[in-house]
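Here's the structure we're looking at; comments come further down.
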Amino acid sequence: MPRGQVASTPSEAEAVCRDLGGKAVVKAQVHAGGRGKAGGIKVVNSPQEAHDFAASLIGSRLVTAQTGPEGVPVQKVLVEEPAQVARELYLALTVDRAFQGPVFIASAAGGMEIEEVSATDPEKITNEGVDIAVGFQPFQGRRVSHALGLETYQVRPATRIMTAIYKLFMDQDCSLVEINPLIVTANGNLVAVDAKINLEDDALFRHPELVSLADPEQEDPLEVEASQSGISYVKLKGTVGCLVNGAGLAMATMDLVKEAGTAPANFLDVGGSADEDKVAKAVNIMLSDPSVKRILVNIFGGILKSDVVARGIVKAYSQREAKIPLVVRMQGTNVEEGRQILADSGLNVSFASTLIEVEEKLKTALP
Amino acid sequence: MSILVNEDTRLVVQGITGREGSFHAMRCIEYGTKVVAGVTPGRGGRVFNDGIPVFEAVERAVKETGANTSLLFVPAPFAQDAMLEAAEAGVEVIVCIAEGVPVLDSARVLRYLHSRGSRLIGPNCPGLISPGAKCKVGIMPGAIHKPGRVGVVSRSGTLTYEAVSQLSALGIGQSTCVGIGGDPLIGTNFVDVLALFDKDPETDLVVLIGEIGGAMEQEAAQYIKESFSKPVVSFIAGATAPPGKRMGHAGAIITGAAATAEAKNVALKEAGAHVVPSPGAIGATVKSVLGR
């Protein structure tokens, strides 16, 4: 790794740059890749330049290819010594679905998005699957090193890096460890100049110490609020809020909204075992999104009963005194009771029995 | 006939004394499934529902009751252990319902299963049901199903119920419905299930419900093109999903060109599948294909 330090203010960045001898690379610290192209990384030639660039970044929002159009806030920058780059490589470890286990992905075209390389120069990418029962083996490190065109004396350090990545990946339940670029310096050393580590949400229960690293500032506030309530919610750009149970049906419902000629405001899976409060919470989240002009409820209830859903909706609407019209399609247990609750509520509700009817209702009502 | 579960299925429910386990075990029994045993470590010796013995270990349940299929209601952190225990005991079909099993746990389980004869369905799935055999091994609402000759295979839960109820409403029954699960690593994929349906003389057509993420639908398309002899009606959920965002299911995330609904639909269309553009038209499409 190159020498360097994280700075939260422009003057700290200036001081770190001075310590490094006056020349440095300043990098925005955000939970997204694609920073270079987005103007979040710069080589600076003086402490003053480090100060000025840091001042322009800290407090701003950085929009990269991996963030939404609203970008993510920059609160810190990393100031590190510039490297003498001879070659840039790409090295990552992730779980591959087809291989059903961890696979190293390496490419001689470092510094670029791996997606781009696989589209333009797939022959530059090498994959090395690891048998999870025996772990990563040195011969695999040699094989990857050769594929990357490393010199003989670089094979052992490269293998050491891969062994360390594998250990980190398995010990911490990562879903991605990516070094991009892994550079070969002018004097032949391997240096990890930039890294990205994704932790697997489902395994965080094994790593309580890592939970505190989460930075909610880097995420959409409504998405954070939803996930704290056990609701899967993703903000989208349309105007129709969607309340659904089940991820597949939630996606299909979004697609249906699109087929009807409008657009979904969100993905929302309230889950199979939701109660009245959780439904109310979900509706509240949608109602607090100013772009939502209508709400579509599509519940295929088994364990989740329609009357419970109806009560949750009415609760949220009355708390907010909301008037946004609803299209409601419920199937399964206690449907009649659920419909009655909504019909008696005074809310602007139109009912549908099938998805075809939902589509028709969406086409007729409102813009 | 049907695939994977039928009249010969002898079910052991792992986690039968828990809230979810006991609730769903009862629904399976009511549907007609032969539930022969339960397993809850620490609760061995109890009797469930006036006659179903509860054992300490799957191995005992298999030995004493001839259980050949297991349905797991075990929280995600303990699912690896329960799946491995069932496989080690020689259970033929293991169905894991839990959502949120760490992906490396699934990788370890799948690696172990390579050396065993067991088949895993899931994790993160609703299970499977063969209405003609009155055999339900899962959490789907039994009442929406009808015996018949259409096979269903899907990565989703409620979207499968939606498709099934469209079929049943049109009088089209099902041979077997298999929810393979919404995780990135699952024990049984589309191709595995299609191969079983291909050999099943009582399945005439297969409904395949996929979603964004991975390339399993493309593998299915390749298989359909090369070796599958029956018509396929397909729907892919997530045409409107943005890239890079997980859509509820751990496996439903667009991480490359192949992972989009569009790419999957193109592949399936090329393979000769009847691609349904809107989720409301799954039943009607099956009806028109069967009517030809």
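Every chain is numbered from 1, with letters handed out A, B, ... down the list of sequences. Remember, predicted model here, so these are calculated numbers, not experimental data.
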Between B:Pro141, B:Gly256, B:Ala241, B:Pro77, the one whose heavy-atom pairs under 4.5 Å with chain A are most numerous:
B:Pro77
Options B:Leu110, B:Thr158, B:Ile236, B:Thr160, ranked by heavy-atom pairs under 4.5 Å with chain A, top entry:
B:Thr158
Side chain, backbone, both or neither of B:Ala143 within contact of chain A (heavy atoms, under 4.5 Å):
neither
Between A:Asn298 and chain B, which part of the residue has a heavy atom less than 4.5 Å away: side chain, backbone, both or neither?
neither
What distance separates A:Asp220 CG from B:Lys245 NZ, expressed to the nearest 0.5 Å?
6.5 Å
If you count heavy-atom pairs under 4.5 Å with chain A, which of B:Gly244, B:Gly238, B:Pro126 comes out on top?
B:Gly238
Between A:Arg206 and B:Asp105, is the closest basic N to carboxylate O distance under 4.0 Å?
yes
Select, from A:Asp201, A:Asn245, A:Asp173, the one with the greatest count of heavy-atom pairs under 4.5 Å involving chain B.
A:Asn245
Salt bridge present between B:Glu162 and A:Arg329 (N-O < 4.0 angstrom)
yes
Student check: side-chain heavy atoms of A:Phe205 and B:Pro102 closer than 4.5 Å
yes
Using non-hydrogen atoms only, which part of B:Arg27 is less than 4.5 Å away from chain A: side chain, backbone, both, or neither?
neither
So do the side chains of A:Leu236 and B:Pro242 get within less than 4.5 Å of each other, counting heavy atoms only?
yes
At a 4.5 Å cut-off on heavy atoms, which part of B:Phe235 comes close to chain A: side chain, backbone, both, or neither?
side chain
Pick from B:Met247, B:His249, B:Glu219 with the largest number of heavy-atom pairs that fall under 4.5 Å of chain A
B:Met247
Tell me, out of A:Met170, A:Arg97, A:Lys237, who's got the most heavy-atom pairs with chain B below 4.5 Å.
A:Arg97
Less than 4.5 Å apart, any side-chain heavy atom of B:Leu185 and any of A:Val95?
yes
What part of B:Ile209 gets within 4.5 angstrom of chain A, counting heavy atoms only: side chain, backbone, both, or neither?
neither
Please rank B:Ala76, B:Ala163, B:Ser165 by heavy-atom pairs under 4.5 Å with chain A and give me the top one.
B:Ser165
Heavy-atom count check: over 12 atoms from other residues, nucleotides or ligands less than 6.0 Å from A:Lys278 NZ?
yes
Whatever's closer than 4.5 Å to a heavy atom in chain B on A:Phe169 counts as both
Need one label for A:Glu357: side chain, backbone, both or neither, based on atoms under 4.5 Å from any heavy atom in chain B.
neither
More than 12 non-hydrogen atoms from neighbouring residues, nucleotides or ligands closer than 6.0 Å to NZ on A:Lys235, yes or no?
yes
Nearest heavy-atom contact between A:Ser232 and B:Gly248 is OG-CA, 3.8 Å
Note: B:Gly280 and A:Leu256 closest approach over all heavy atoms is N-CD1, 4.4 Å
Chain A contact via B:Arg111 - which portion, at a heavy-atom distance below 4.5 Å
side chain
Is it the backbone or the side chain of B:Ile139 that comes under 4.5 Å from a heavy atom of chain A, or both, or neither?
neither
Ranking A:Gly246, A:Ala133, A:Ala252, A:Ala203 by heavy-atom pairs under 4.5 Å to chain B gives rank one to A:Ala252
Measure A:Ala250 against the heavy atoms of chain B and call it side chain, backbone, both or neither at under 4.5 Å.
neither
Which bit of B:Ala239 is near chain A, if near means a heavy-atom gap under 4.5 Å: side chain, backbone, both or neither?
both
Heavy atoms only, distances under 4.5 angstrom: which of B:Met140, B:Arg108, B:Met216, B:Arg155 has the most pairs with chain A? Name it, please.
B:Arg108
May I ask you to test the B:Ser278-A:Asp255 pair for a side-chain heavy-atom distance under 4.5 Å?
no
Under 4.5 Å from any heavy atom of chain B - which part of A:Glu259:
side chain
Ignoring hydrogens, what is the shortest heavy-atom contact between A:Gly101 and B:Ala107? Give both atom names and the distance.
CA-CB, 4.4 Å
Chain A contact via B:Gln166 - which portion, at a heavy-atom distance below 4.5 Å:
side chain
Okay, A:Phe300 and chain B: the region with an atom under 4.5 Å from a heavy atom over there is both
For B:Thr255, is it the side chain, the backbone, both or neither that has a heavy atom under 4.5 Å from a heavy atom of chain A?
backbone
